[in-house]
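Quick note on labels: first sequence line is chain A, next is B, and so on, each numbered from 1.
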Number of protein chains: 2
Amino acid sequence: MEPDEDPTRPETTWNDAWRGVLFAGAKVLRVAERDLVEREGFPMTWLDVLAQLYDAPGNGLRMQELEERSLFTRSGLTRLVDRIEAAGLVQRQPVPGDRRGVRVVLTPEGRRRHDKAFVEHLRVIEREFGGRLTPAEQRAVAGALAGFWHGDQESATTTT
Amino acid sequence: MEPDEDPTRPETTWNDAWRGVLFAGAKVLRVAERDLVEREGFPMTWLDVLAQLYDAPGNGLRMQELEERSLFTRSGLTRLVDRIEAAGLVQRQPVPGDRRGVRVVLTPEGRRRHDKAFVEHLRVIEREFGGRLTPAEQRAVAGALAGFWHGDQESATTTT
DNA sequence: AGTAACTTATTGACAATGCAGTAGGTGCCT
DNA sequence: AGGCACCTACTGCATTGTCAATAAGTTACT
């Protein structure tokens with residue numbers, strides 16, 4: 001019997017699962033990020049926004065709605081949208097009936113870039129993640145971790 | 001039978017597993033980050049470094065080794081270590097036999113802060129992650145995702 | 001020994017993000 | 001209508017991180 005000798009590094013049953021989640025996410029994301037930048041010339045934060053808009057009714061959302069669906073703060077989003085707008089992929093429009101609001105919509109160009117980028121993105125995730133798991137493993141992981149996006153307030157189609 | 005109507009949003013078997021990994025990681029990390037900053041006054045990047053040093057022989061590593069064990073670039077690490085050193089938790093020392101090198105070691109204070117912070121950190125991860133899974137689920141996730149940190153060059157005790 | 005090629009860590013310039021504060025707009029309540 | 005509280009989005013400032021260039025040290029080859 002070997003007792004834990006180091007109280008700051010105790011053996012836990014969940015440790016390997018946590019490490020797996022962390023490493024799998026970080027490694028796959030890093031590859032996907034680099035691939036996206038090389039292929040499309042924009043980072044994943046852009047694809048997040050584009051995909052959110054794509055999934056939204058009318059391909060548009062208010063800043064506030066975009067904030068809820070992303071991990072950004074409002075001010076971060078303002079600047080992110082600034083850049084994407086400067087690149088011509090989205091456009092700010094007034095919200096009818098609320099002159100405070102701004103509605104961000106996909107431009108046709110943005111829509112095209114999104115489609116191309118997203119399909120490529122999926123291919124990368126499949127290669128780097130999905131393809132490394134058996135169907136049974138995929139189901140097991142999905143089932144075990146479903147609670148992290150079902151129950152709580154966080155929903156939204158997270159692209160990344 | 002309903003064919004995929006949207007080629008940019010195809011059904012895949014791994015989709016839910018990927019979303020699970022992403023959400024679980026992001027949500028737990030966000031909680032852990034906030035908790036750490038509130039309790040200890042430093043962010044998780046610091047704990048990463050402190051934990052790597054703690055796990056290293058002699059509680060010290062060269063910058064290069066630290067880089068291999070983290071997700072930072074070299075220059076990012078230089079600045080991160082600058083800050084941690086300014087706070088007195090680590091210290092730069094010369095490497096005997098290679099005057100280019102720098103060895104970063106935990107100070108006694110850094111060691112204390114690490115111990116306290118890490119134990120708290122584990123508690124949070126357990127509450128937010130481990131505790132939400134059954135033992136069978138923990139094993140399933142660990143087994144399915146083990147390949148992401150076993151095979152490849154990335155090893156190291158990732159704290160985060 | 002002399003030198004060319006590589007390593008190690010740092011620095012400068014810059015991009016991206018968060019926090020706190022601000023300006024303008026809306027709506028309720030009297 | 002007037003005023004007050006709230007909401008929406010943006011801006012200044014500080015922080016954090018990357019990339020490219022650099023200084024210092026080491027190694028190998030002749």
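- Contact annotation: B:Arg62 side-chain N/O to C:dA9 OP1/OP2 distance is under 4.0 Å.
- The side chain of A:Asp98 approaches C:dT26 more closely than any other nucleotide in the set C:dT17, C:dA9, C:dT26.
- Checking D:dG17, C:dT10, D:dG25 against every side-chain atom of B:Arg83, the shortest atom distance belongs to D:dG17.
- Contact check, A:Arg99 against C:dG25: no side-chain N or O comes under 4.0 Å of OP1 or OP2.
- One atom, CD of B:Glu38, and another, P of C:dC19, lie 12 Å apart when rounded to the nearest Å.
- A salt bridge between A:Arg112 and A:Glu109 is present, with a side-chain N of the basic residue lying under 4.0 Å from a carboxylate O of the acidic one.
- The side chain of A:Thr73 lies closest to C:dC19 when the candidates are C:dC19, D:dC19, D:dT11.
- Listed nucleotides: C:dT10, D:dT18, C:dT17. Nearest to the side chain of A:Thr45: C:dT17.
- Between A:Ala117 and A:Leu36, the closest heavy-atom pair is CB-CD1, 4.0 Å.
- What separates CD of A:Glu68 from C1' of D:dA9 is a distance of 14 Å, to the nearest Å.
- A salt bridge does not link B:Glu128 to B:Lys27: none of the charged nitrogens lies less than 4.0 Å from a carboxylate oxygen.
- Per the geometry, CD belonging to B:Glu85 stands 13 Å off C1' belonging to C:dA9, to the nearest Å.
- A:Gly101 comes within 4.0 angstrom of sugar-phosphate atoms only, judged by non-hydrogen atoms across all strands, and of no base.
- For A:Ser75 against C:dC19, a side-chain-to-base donor-acceptor contact under 3.5 Å is present.
- Phosphate proximity of D:dC10 to A:Arg92: present, with a side-chain N or O under 4.0 Å from OP1 or OP2.
- For B:Arg79, taking side-chain heavy atoms from C-beta onward, the closest of the listed nucleotides D:dA9, C:dT8, D:dT18 is D:dT18.
- A:Arg103 comes within 4.0 angstrom of nothing in the nucleic acid, heavy atoms only.
- For the pair A:Glu67 CD and C:dC19 P, the computed distance is 11 Å after rounding to whole Å.
- Here D:dT16 presents its C1' atom at 13 Å from CG of B:Leu77, a figure rounded to the nearest Å.
- Using a 4.0 Å cut-off between a side-chain N of Lys or Arg and a carboxylate O of Asp or Glu, A:Arg123 and A:Glu120 qualify as a salt bridge.
- Relative to the side chain of B:Arg100, the nucleotides D:dA9, C:dT7, C:dC19 differ in distance, and C:dT7 lies closest.
- Between the side chain of B:Gln138 and the backbone N or O of B:Gly130, at least one donor-acceptor pair lies under 3.5 Å.
- Straight-line distance from the CE atom of A:Met63 to the C1' atom of C:dG25: 17 Å, rounded to whole Å.
- Of the candidate nucleotides D:dC10, C:dT8, C:dG25, D:dC10 has the atom nearest to the side chain of A:Val102.
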